Amino acid sequence: MKINATLINLYNVCKRELWLHANGINMEHTSDLVYDGKLLHETSYPQRPERYEEMFVSAEYKGFTLFGQIDYYDGRNKIIHEIKRSDKVEEAHFQQVKFYLWLLELNSVEGATGLLEYPKLRKTEEVFFGEEDRQWLEKSIFEIQALIENNVCPPTINAKICKSCSYYELCYVV
Ligand code: SF4
């Protein structure tokens, strides 16, 4: 099974959203937030692309193909930079960056760290990776597989973030 950083992120935000997305029901194109997020990446640090690179990273692990696209990677200092619009689902952002750090480690890049950046909030958070994170991610990829392969869509979560989710109408209005 293929598992990318988006699935890790969704696993932390909402299991229903993960299931819908993974089963091909995609409504992100209707979301202003997604467009806004893309714009944020392009405009927040205009000088950065010259110094750091976007980087695709992947690894084969216990029958899984794991992969992700890092926003910016500072190879000299081994720092992943991940830009986010808001910190509403900060825990999911942390896990996404930890997933990238794990992928680097699986590619023999040891000791890398992450920086979560919220340009609109003028806030940054450091992200570190350790044994507990490794174990959590190992467990999570098996749980994600089980969730996706289940024929039943998980229930709605009635959370604050539902209002800004691209599946809101599908979950609560239809
Ligand atoms: S609207 Fe809420 S319950 Fe539905 S997928 Fe989005 S976050 Fe999950």
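All values below were derived from every heavy atom in this structure, side-chain atoms included, with hydrogens, water molecules and symmetry-related copies excluded. When a ligand or atom number is given, it counts from 1 through the structure's own listing order. The structure presented is a predicted model; accordingly, all values stated were derived computationally and were not measured.
Relative orientation of the Trp102 and Tyr61 rings is perpendicular, given thresholds of 30° and 60° on the angle between their planes.
Between Glu82 and Lys84 there is a salt bridge, since at least one side-chain N of the basic residue sits less than 4.0 Å from a carboxylate O of the acidic one. Between Arg85 and Glu117, none of the side-chain N atoms (NZ, or NE/NH1/NH2) sits under 4.0 Å from a carboxylate O, so this pair counts as no salt bridge.
For ligand 1, the atoms closer than 4.0 angstrom to any heavy atom of Cys14 are 3 (S), 5 (S), 7 (S), 8 (Fe). Short contacts between ligand 1 and Tyr172, defined as distances under 4.0 Å to a heavy atom of the residue, involve ligand atoms 1 (S), 2 (Fe), 3 (S).
In terms of protein heavy-atom proximity, atom 4 (Fe) of ligand 1 is nearest to Cys171 SG, 2.3 Å. Scanning the protein for heavy atoms near atom 3 (S) of ligand 1, the closest one is Ile157 N, 3.4 Å.
Taking the six-membered ring where the residue is Trp, the centroids of His21 and Tyr167 are separated by 6.0 Å or more.
Among the atoms of Cys162, an N, O or S atom falls under 2.8 Å of atom 2 (Fe) of ligand 1. Using a cut-off of 2.8 Å, one finds that Cys165 contributes no N/O/S atom close to atom 4 (Fe) of ligand 1.
At most 12 non-hydrogen atoms from other residues, nucleotides or ligands lie less than 6.0 angstrom from CD of Glu132.
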